[in-house]
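Here the structure is a predicted model, which means the values were calculated and not measured.
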Amino acid sequence: MISFSRISNNDNLDLEKITLKYEEILVDYSLILVEYPIHFYSKSIKIEYEIFNSLSKTKNYIFSVTIPQDIIIKSTLNYASSLISFLSSINKDIYDEALIINMIKDTKIKNIANYHNNVFSIKFNYDLIFKGFYNVDPPDDFLQISKFIENLIE
């Protein structure tokens with residue numbers, strides 16, 4: 001997983017160091033998860049994304065992750081739309097693939113299909129919190145998302 005939010009917002013970026021690091025990372029993986037920060041419009045993060053994109057030359061699939069509150073879901077989708085518009089100026093291969101609604105307790109979300117063409121629900125799982133991912137079998141919710149991703153990249 002790569003996070004573009006780790007670079008500070010200054011003008012003293014070591015572009016060569018960033019480029020070398022991405023060359024090192026990208027050579028070993030066919031699937032990379034990228035965490036886009038909320039403050040994506042900063043100059044340093046845009047530069048880092050441009051370097052990443054110039055080296056990866058792959059399709060970018062956006063999976064928006066949110067919690068089960070209507071206003072938060074809508075805000076997340078609005079952010080994703082803005083992010084896709086912004087990234088499209090750098091890379092034309094960007095696709096808004098799915099919405100993942102995480103930590104759903106007993107609440108049913110009304111009209112879930114109205115939010116996005118591909119919506120995945122992840123139930124709140126106490127075992128994952130208290131035991132961790134390595135000590136729990138993958139929940140079916142995660143397996144559905146994994147299968148969807150496998151179909152995308154085949």
Side-chain angles (χ1 to χ4, degrees), residues 1-9 18 21-42 44-46 48-53 55-88 90-154:
M1 178 171 194
I2 294 174
S3 175
F4 291 130
S5 60
R6 63 180 170 68
I7 290 182
S8 64
N9 213 4
I18 294 169
K21 189 62 177 175
Y22 279 126
E23 285 174 341
E24 177 186 317
I25 293 169
L26 296 173
V27 82
D28 292 331
Y29 297 99
S30 59
L31 176 66
I32 299 170
L33 299 176
V34 177
E35 175 189 10
Y36 293 106
I38 289 179
H39 58 282
F40 194 85
Y41 299 100
S42 76
S44 59
I45 293 173
K46 182 179 180 191
E48 185 178 358
Y49 178 74
E50 287 171 341
I51 292 169
F52 170 80
N53 184 65
L55 296 171
S56 66
K57 302 238 185 259
T58 60
K59 293 180 180 177
N60 289 256
Y61 300 107
I62 305 292
F63 285 73
S64 300
V65 181
T66 187
I67 60 174
Q69 292 177 343
D70 185 63
I71 193 162
I72 304 297
I73 293 170
K74 289 176 181 173
S75 295
T76 300
L77 292 171
N78 286 336
Y79 172 74
S81 178
S82 295
L83 178 64
I84 290 165
S85 293
F86 179 73
L87 296 177
S88 293
I90 300 167
N91 179 352
K92 300 298 180 203
D93 285 328
I94 297 180
Y95 306 95
D96 184 9
E97 283 303 322
L99 173 67
I100 300 170
I101 303 175
N102 192 19
M103 298 192 307
I104 296 177
K105 292 187 180 181
D106 299 328
T107 312
K108 296 259 186 195
I109 299 174
K110 296 176 184 174
N111 304 319
I112 197 166
N114 291 342
Y115 288 117
H116 197 284
N117 292 335
N118 300 307
V119 180
F120 295 94
S121 301
I122 299 176
K123 293 180 203 82
F124 185 80
N125 189 319
Y126 290 99
D127 286 343
L128 287 175
I129 293 171
F130 295 109
K131 295 180 183 176
F133 280 93
Y134 296 108
N135 299 314
V136 177
D137 289 333
D140 287 340
D141 303 343
F142 287 62
L143 296 175
Q144 291 173 1
I145 297 168
S146 296
K147 288 177 184 173
F148 183 81
I149 292 170
E150 284 177 7
N151 289 335
L152 275 178
I153 61 177
E154 287 181 349

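Under the side-chain hydrogen bond (donor to acceptor under 3.5 Å, both in side chains) criterion, no residue pair touches residues 125-135, with sequence neighbours excluded.
Within the model, atoms CD1 of I145 and CZ of F120 stand 6.0 Å from one another, a figure rounded to the nearest 0.5 Å. To the nearest 0.5 Å, the span separating CD on Q144 from CD1 on I100 amounts to 11.0 Å. Put simply, CD1 on I94 and OG on S85 are 9.5 Å apart, with the number rounded to the nearest 0.5 Å. Note that CD1 of I62 is 5.0 Å distant from CG of L83, once rounded to the nearest 0.5 Å. We find the CD1-CZ distance between I18 and F52 to be 13.0 Å, quoted to the nearest 0.5 Å.
Side-chain contact annotation: D70 with Y115, donor-acceptor N/O pair under 3.5 Å present.
A pairwise comparison of heavy atoms in S121 and I104 identifies CB-CD1, 3.5 Å as the closest pair. Of all heavy-atom pairs between T76 and V65, the closest is CG2-O, 3.8 Å. The minimum heavy-atom distance between G132 and V136, with the atom names listed, is O-CG2, 3.4 Å. Considering every non-hydrogen atom in both I73 and I67, the closest pair reads CG1-O, 3.3 Å.
Within the 4.5 Å cutoff, no side-chain heavy atoms of L87 are placed close to those of N53. Looking only at side-chain heavy atoms (C-beta outward), I129 and F124 come within less than 4.5 Å of each other. Put simply, the side chain of E97 does not reach to within 4.5 Å of the side chain of I149, judged on heavy atoms. Within the 4.5 Å cutoff, side-chain heavy atoms of F63 are placed close to those of F148. Residues L152 and Y95 are not in side-chain contact: their nearest non-hydrogen atoms beyond the backbone lie 4.5 Å or more apart.
Residues F86 and Y49 keep their aromatic ring centres 6.0 Å or farther apart.
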Quiz prompt | Intermediate values then yes/no, side-chain contact (heavy atoms from CB on, under 4.5 Å), T66 and Y79 | solution = CA-CA 11 Å; T66 187; Y79 172 74; over 6 Å; no
Quiz prompt | side-chain contact (heavy atoms from CB on, under 4.5 Å) evaluation trace for S56 with I32 | solution = CA-CA 10 Å; S56 66; I32 299 170; 5.8 Å; no
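Remark: side-chain polar atoms of S75 are paired, donor with acceptor, to backbone N or O of I71 under 3.5 angstrom.
Evaluation of the salt bridge (charged side-chain N to carboxylate O under 4.0 Å, His left out) rule for E150 yields no partner, not counting sequence neighbours. K123 meets the salt bridge (charged side-chain N to carboxylate O under 4.0 Å, His left out) test with D141; sequence neighbours excluded.
Within 6.0 Å of CG on N114 lie more than 12 heavy atoms contributed by other residues, nucleotides or ligands. Environment of CG in N151: crowded, with over 12 heavy atoms of neighbouring residues, nucleotides or ligands closer than 6.0 Å.
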